[in-house]
Every structure is written in structure tokens, then in C-alpha cells.
Novice: 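Before I ask anything, let me first share the structure, which is written out below as C-alpha cells.
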Amino acid sequence: MKILRVALDVPLDTLFDYSAADQGEIAIGDRVLVSFGRRQMVGVVAEITDHSNLAPGRIKPVLQVFRDSPPLSGEIFRLLRFCADYYHHPLGEVVLNALPVPLRQTKPVARAKPTGYHLTETGLALETDTLPARAIVKRKLLQSLKQAGTLLRSDIAAISPSAPQAIKEFIARGWAEESEEIAEPAPTPAKADDLPPLTPPQEQAVTAILSGQDHFQVWLLYGITGSGKTEVYLRVIAQVLQHGGQALVLVPEINLTPQLESRFRARFPDTCQVSLHSRLSAGERLRNWSLAQSGRARIVLGTRLALFTPMPKLKLIVVDEEHDGSFKQQDGLRYSARDMAVARGKQAGTPVILGSATPALETWYNAGIGRYQKLELPARAIAEAALPAIHCIDISRAKLADGLSDSLIDALRARLERGEQSLIFINRRGYAPVMRCAQCGWVSTCHRCSSRLVVHLREKRLRCHHCGHESRIPPTCPDCGNADLAPLGQGTQRLEDNLGSLFPSARILRVDRDSTKRKQALPEMLERIHAAEVDIVIGTQLLAKGHDFKKLTLVGVVNADGALYSADFRASERLFAQLMQVSGRAGRDALPGIVLIQTQFPTHPLFQALIKHDYPGFAETLLTERKQAEFPPFCHQALLRAEAPQMETALAFLRKAQGVVPQDFDVNLFDPVPAQMTRLAGMERAHLLVQAASRGALQAFLSAWNKALFGLGGNVRWSLDVDPLEF
DNA sequence: AGCACGCCGACT
DNA sequence: GTCGGCGTGCTC
């Protein structure tokens, strides 16, 4: 009897045996419908054997083998298995979470309809002018069909959101019909004479990567903002496309996808390109995923979740801004898309490009020891655009008006007079980070988290930025009844108000998560900045990355010091990267830029390195510190996390976990401690750190320990976090 | 994780 | 007399 070992989306570290009878050919990676307990579930066939350790009576038959979508390829299945092993996470959860939502459901998806359309004789005879002038979409659609011959559904959707409706009407009128077979669009290389010339370092980078096109190699593309990393990606991708391959490009944030997407589309207009990120609807995501799986989509651009997209002709992986923390998932399967991209490249035998101006220390280290190859782009691609001058403003002495020093105000005034733009960077949305009672010292705190409630004055509310809890601003102090409540500190909203009264005629725009909540808000705002309809931009993290504003010549950083007191050993690495990144916003065109950073510690080595634009120097300092402290990358870490309604429950579990430690492993176990964010959404959290000198020792230990932990039970939620970034 | 079974408090 | 609280146990 044929036994299928099936991976199911349950938090159990095991596969489940089912029997298969007359379901025809079954392959690893096939989706199956099975009865599990009292319910039905979708699983994925992980192994096929002819025996089971179970009593035959307990083995249920597979109910159905789905034929609506091709099975997961061996290649992608191997990656998922590696990921499950590396992060010690149940295979079923890993595999099922990699599938688009419709493929996880017990109903088969509608078989993909014919994906192409072409004009009929009648349609071809039709003149665009005969359509009503206001039928813009229909005119465009007709035009495009005439030009291209056949259009894919995705192409049609790209014309306009209403174009899919229009094509139905065309079919109803007999102007168009579905195409039975769609020829692969011939790869058309971009015209060489249109391309911007490469700088010598870019040229070298492209040549180096192309020379190793057919085997695994990690390239660290190290270059400051504006040095032209994207152009290097584009040139390498062009070669990949010409050889019939597929390229996977990962970016840290959804907000960066549209920008890169349009740049790629402009360069490769005839190439099928899809994006994958969490803001797509389930249907779009399935469609794009399937296009990649079939090999039709040649460029896949997306956030970390795009890493698990099946791509049969994968020839290149690019991870842009590889240092960015958002490549690490912070719940469930805590994987690093950057690290798994390297693993995928290794399995597929393709080059992997990690791009950054401030590489993660781990990456820098790997390049230093020769595991990765470093390629450096030293200059800004636009020769006239010099590096911005970075200055620190010592606010331990200068007095501040509403958080702004005189020097910064003067600099802002000068830009306004010259008609140039300024950006004030402040990584705190809301009006003020906390509400405080001047009388008794009460501060607004969240009931469910160990965090402070942020003042949102416009909405007259206090909000927890961790759990989303909201309440009205109390009229008087809840503790002492005094009416002397005041917002303490600066947030984006307050800065907006203050700058408004300082510069009444200036056009000020605030760009943060609150002001860009509406779907199209961010692109519209970016457009206004580009069109020079804004004088002063107040921005958070959101604006730090990737946007290139030609008229922007001043970047002010209001308060950068928080990270300097942080208990997190990676805080200064992140601060440096962040400041380097916002600095890159200044003076990207012909106008020279200046960066003013307000700090209490202007002599701190971090700022000293920043002023010199000296990432390598700063990285060396950090590496020396890490080596002395035996921190990553000089050791390997894992965290056992536990959460429960009571802290004591979580700690008790962790102590028990300490007790079941298997012997003879060369690892170092620390005592359980409460997490830095002790309470979150009503749960108390604690963790236990494991360190090992080698990755192998850590992995061997975790495998054995993980098994023991499953036997522990208890009323806590626990999980392993391999290579943790947050404590 | 679900979803059952299983024994103790306030209700039509 | 029942509805329902969430403890613990299992799922091929």
C-alpha cells in the first residue's frame, strides 16, 4: 500500500501518514485533502513510502488530490525543508504558509482561465476613433491589443483597473477572444544606446557578477545611496532575461515596490514582471505566484514573503538594503529572508547580490573572511552630486525652542529663502511620546503593554503603538486629579505645529504612518514633494529609504540619542544605518546637501564616523567590540521565547526548559529573563538565551532540545527564535 | 492550533 | 434540573 507522509498546518513537529489508492500519480509537493481529527484539512505530500509505523487501522485514506495547480517543485520543497530544519519550526506550518491563501483552502481553486486575449478580425478592423472619446480605457485597450497581438490577463489589469471589465465587453461584442496558446514573449534586450553609461566601479561590479553567472556566489554590493546599485541590478537582470532565466528581487518595504517596479518596467517593457507582498489581495497574490511558478513571470519583485515563490528558471537573487531588519519575520516562523535567500541561491546554484550602503555586521564580516565577495561602488553616480556635509549640533549646551536648535532653525530659514527643500527626520509619530502630570509625575502607560501611550492631539486620543489600544486624553490626572497634564517630548505632529508657527508661510508636509493611512496617500505626497509643492517635509522611517528628491538640500535630525542608551547590542549599528540612509536624501542632484544632527554626544564615535561617511571604520569598531564580548557574528544565538498571562508562568516554563537540556552539547545557556518589552497585548513575556561558538553546535543542540520541549507541555506559548534580532 | 471530552457554578 | 466555564488530551 502506498503511504503518503503529509505536512499539515498544525504546530506539531511531525508528518501524518495517509494511504492513497486510486488517485493516480502522486508526487511530492502535491496538495491533498485529508480528514484530520474531526475536520478536513489541506496538506502537502512531503514523503512517499510503502510502510508506516502506525497500526494499519489508524491510517486514513487521502480524500482528494488537487489537480488545480501544479505541485510544489522539488527545488522549492527542499528550500522549505531547509528552512523548517534551520528554524526548528514544524514543516507543515512552513510549507502551508508559503502557499497563497486560496491554495490552503479545502476547495480547489478555479482552474486558471485562459490567460491571454487577442483581437478578432472585427476587432482588428476597428478604428480607435470609432470608440467614444471618453472611453479612455477601451481606447487604450484596443490600441494595446493591436500593438501586442496577444495580451496576458496581468497585462490587461496593468492598463487600468477597469480594463478586465472592458475585455469582457470586447469579447461579448465579438471584437476579441481568448487565446488558446500564448507564445512566450521573445526576450528583448533593452536597447544599448538608451542605457545610462556605467561608472568604472559599476562596470567592474557588473562584469564580476556576470562572470560567475552560472554558479552560487554571494556578492556584497556595497555602495552609498546614489552610487547606482539599482543600475547594477538592472544590467545583471538584463543578462539573466536574455538567457531565459528568472530573477527574484527582494526589498525591505512594501513602499519601495512601486518605485522599483516602475523603474524595472521602464527598462524591460516587454517582460512579464510581477510583485508579491502582503498588500495584494488573495487573488492577485495567487495569480502572480502562479505566473512565477509557471516560469512566465521573469522578474519577481517583493518583500520577504516573496522569497518562497517557486521559480523554475531562477538565475539570480537580489536582496536590496540587505541590512534592513524587516527581512526578519518577528512572529510565527521567525526566518530571515536575507539568510534564506543565500540558502536558496546555494541550492539553486545562482548568484545572490546583497546590496547596502551599511551592510549588516554579519554580512560585512562574511565579506571580510572571504565567504562573500565584496564589490564596492565608491562614488555617487551623478558626478556633481557630492556627499552631503554632516554636522552635529551639540544640544547639551544650546537651548532648544520646541526641540529645535537655533542652528537648525537658521538652516531651515536659509533653504526657504533659496527655494530649496528641507527634511526633518524624527522617528516618533504622534504629537508627543507621552502625556505627563506636572504635579505628581504620572505618565500615560498602556494597560496591556509595558509601554507608554502616545499623544495624538488632533484625534484627542492616547494610543499604544505596540498593541493598538486607544483611549481618550483624560481631562485631569487619573492619579492626583490635577489639571496640569501636558504632552512631553516631540513627535511628528507637534513638530509640524511648531514649524508652522515658526515659518507661517512655509508649505509643510508631514509623512508618517498616520498621514499616509489612505491607500494612495504616500505616492501623492511623494509627487507633491517632487513637484516642489512642499518646502519642509517632516518624515519618519518611511521617508528614510530610497526616495530621491532633487531639490532637497537640508536634512535635520531632531533627536538621535535614544539608541545610544539602548540595552540592545545592535542599537548603534541600526542607528548608524538609519542616519546614513536619511543623510543620503540630502543633495542628490546638482545642489550640495547638508545634514544637521542634534545630539547630546557630538563626540561619540558613531557620529564621528558618520561625519566622515566612514562605514568601514565604524564597522571595524563594532566588530572589535563584538569580538571582545563574544557577540554575533563571533557566536551564534537562539532564543527560547515564552509568553503567558503571568510572568511567573513563563519563567517557570523556561526553568523547566533549562532542566531538560540534553547533555554533551557545546553550548552556553543563560538564565531566563523577562523580555525587554515585558508586557505585550496583555501577555507577559520572557526568554532564555542560548549561545554557541559554531552554528553546527547550536543546530545540533536545538534539534535535541526542541524535541524535549514538545514533551514539556504547560500552559505557555513558546517558540524558538534562531539568530534573534530583537530581545 | 482546533476541537473534543469532562467535571463544577448561575440561570431560562 | 440545564448552559457553559476553560483544564487536558489527541489529531495519521
Side-chain angles (χ1 to χ4, degrees), chain A residues 1-23 26-66 71-72 77 80-81 83-84 87-107 282 305 329-335 640-653 656-657 660 680-685 706-721:
Chain A
M1 183 161 61
K2 191 147 67 171
I3 298 292
L4 307 180
R5 314 213 65 220
V6 177
L8 291 169
D9 189 9
V10 287
L12 300 170
D13 206 16
T14 171
L15 298 171
F16 295 88
D17 295 358
Y18 288 87
S19 62
D22 306 320
Q23 275 98 353
I26 299 178
I28 287 173
D30 265 324
R31 274 156 56 247
V32 289
L33 182 68
V34 295
S35 140
F36 186 70
R38 244 130 291 211
R39 60 210 156 116
Q40 293 194 346
M41 290 186 91
V42 173
V44 174
V45 178
E47 291 167 20
I48 302 174
T49 59
D50 49 14
H51 58 87
S52 167
N53 295 330
L54 246 58
R58 291 187 60 197
I59 299 173
K60 295 182 184 177
V62 158
L63 300 175
Q64 189 186 341
V65 181
F66 291 104
L72 288 175
F77 205 84
L80 292 168
R81 197 181 268 284
C83 191
Y87 292 105
H88 302 274
H89 203 80
L91 181 63
E93 288 194 343
V94 176
V95 172
L96 273 295
N97 281 306
L99 293 179
V101 173
L103 295 182
R104 288 179 230 170
Q105 281 157 4
T106 52
K107 292 237 159 47
L305 61 87
Q329 182 143 75
Q330 290 299 354
D331 55 78
L333 171 66
R334 292 172 174 264
Y335 69 103
L640 174 59
R641 300 173 179 273
E643 57 178 54
Q646 302 295 317
M647 176 55 75
E648 190 39 44
T649 321
L651 288 172
F653 169 82
K656 254 197 297 179
V660 297
L680 186 72
M683 291 291 249
E684 305 265 334
R685 309 149 79 231
N706 191 38
K707 280 199 190 76
L709 291 174
F710 271 94
L712 238 45
N715 35 2
V716 294
R717 291 157 65 98
W718 63 270
S719 64
L720 281 173
D721 185 353

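Below, chain A is the first sequence line, B the second, and so on; all start at residue 1.
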Novice: Could you state the interatomic distance from CZ (A/Phe710) to CH2 (A/Trp718), rounded to the nearest 0.5 Å?
Specialist: 4.5 Å
Novice: Quick check: closest heavy atoms across A/Pro90 and A/Val10, and the distance to 0.1 Å?
Specialist: CB-O, 3.9 Å
Novice: Round to the nearest Å and state the distance from A/Asn715 atom CG to C/dG9 atom C1'.
Specialist: 14 Å
Novice: Please report, rounded to the nearest Å, how far the P atom of B/dG2 is from the CZ atom of A/Arg717.
Specialist: 10 Å
Novice: Starting at atom CG of A/Asp9, determine the distance to atom P of B/dC3, rounded to an integer number of angstrom.
Specialist: 13 Å
Novice: Please evaluate residues A/Asp50 and A/Lys2 with respect to the criterion side chain to side chain contact (heavy atoms under 4.5 Å, CB included), reporting the C-alpha separation (whole Å), side-chain torsions for both, the decisive distance (0.1 Å), and the verdict.
Specialist: CA-CA 5 Å; A/Asp50 49 14; A/Lys2 191 147 67 171; over 6 Å; no
Novice: To the nearest 0.5 Å, how far apart are CD in A/Glu643 and CZ in A/Arg685?
Specialist: 6.5 Å
Novice: Determine the minimum heavy-atom distance between A/Asp721 and A/Arg641, stating which atoms define it.
Specialist: OD2-NH2, 2.9 Å
Novice: In whole angstrom, give the distance that lies between atom CD of A/Gln40 and atom P of B/dC3.
Specialist: 12 Å
Novice: Quick test: give all pairs of protein nitrogen or oxygen and nucleotides 10-12 of chain C nitrogen or oxygen below 3.5 Å, distance rounded to 0.1 Å.
Specialist:
unit_1: C/dT11; atom_1: OP1; unit_2: A/Arg58; atom_2: NH2; d: 3.0
unit_1: C/dT11; atom_1: O3'; unit_2: A/Gly37; atom_2: N; d: 3.0
unit_1: C/dC12; atom_1: OP1; unit_2: A/Tyr18; atom_2: OH; d: 3.3
unit_1: C/dC12; atom_1: OP1; unit_2: A/Ser35; atom_2: O; d: 3.3
unit_1: C/dC12; atom_1: OP1; unit_2: A/Gly37; atom_2: N; d: 3.3
unit_1: C/dC12; atom_1: OP2; unit_2: A/Gly37; atom_2: N; d: 3.3
unit_1: C/dC12; atom_1: OP2; unit_2: A/Lys60; atom_2: NZ; d: 2.7
unit_1: C/dC12; atom_1: O3'; unit_2: A/Asp17; atom_2: O; d: 2.7
unit_1: C/dC12; atom_1: O3'; unit_2: A/Lys60; atom_2: N; d: 3.0
unit_1: C/dC12; atom_1: O2; unit_2: A/Asp17; atom_2: N; d: 2.6

Novice: Say whether, by atom type as modelled, one donor and one acceptor occur between the side chain of A/Arg104 and the main chain of A/Leu99 under 3.5 angstrom.
Specialist: yes
Novice: What is the distance, to the nearest angstrom, from the CG atom on A/Asn97 to the P atom on B/dA1?
Specialist: 13 Å
Novice: Evaluate side chain to side chain contact (heavy atoms under 4.5 Å, CB included) for A/Phe66 paired with A/Val32, printing each intermediate quantity in order.
Specialist: CA-CA 6 Å; A/Phe66 291 104; A/Val32 289; 5.6 Å; no
Novice: What string of B, S and - do you get for nucleotides 3-8 of chain C, 5' to 3', if B is base contact, S is sugar-phosphate-only contact and - is no contact with any protein heavy atom under 4.0 Å?
Specialist: ------
Novice: Kindly determine whether A/Leu96 and A/Val44 satisfy side chain to side chain contact (heavy atoms under 4.5 Å, CB included), including the steps that lead there.
Specialist: CA-CA 8 Å; A/Leu96 273 295; A/Val44 174; 4.1 Å; yes
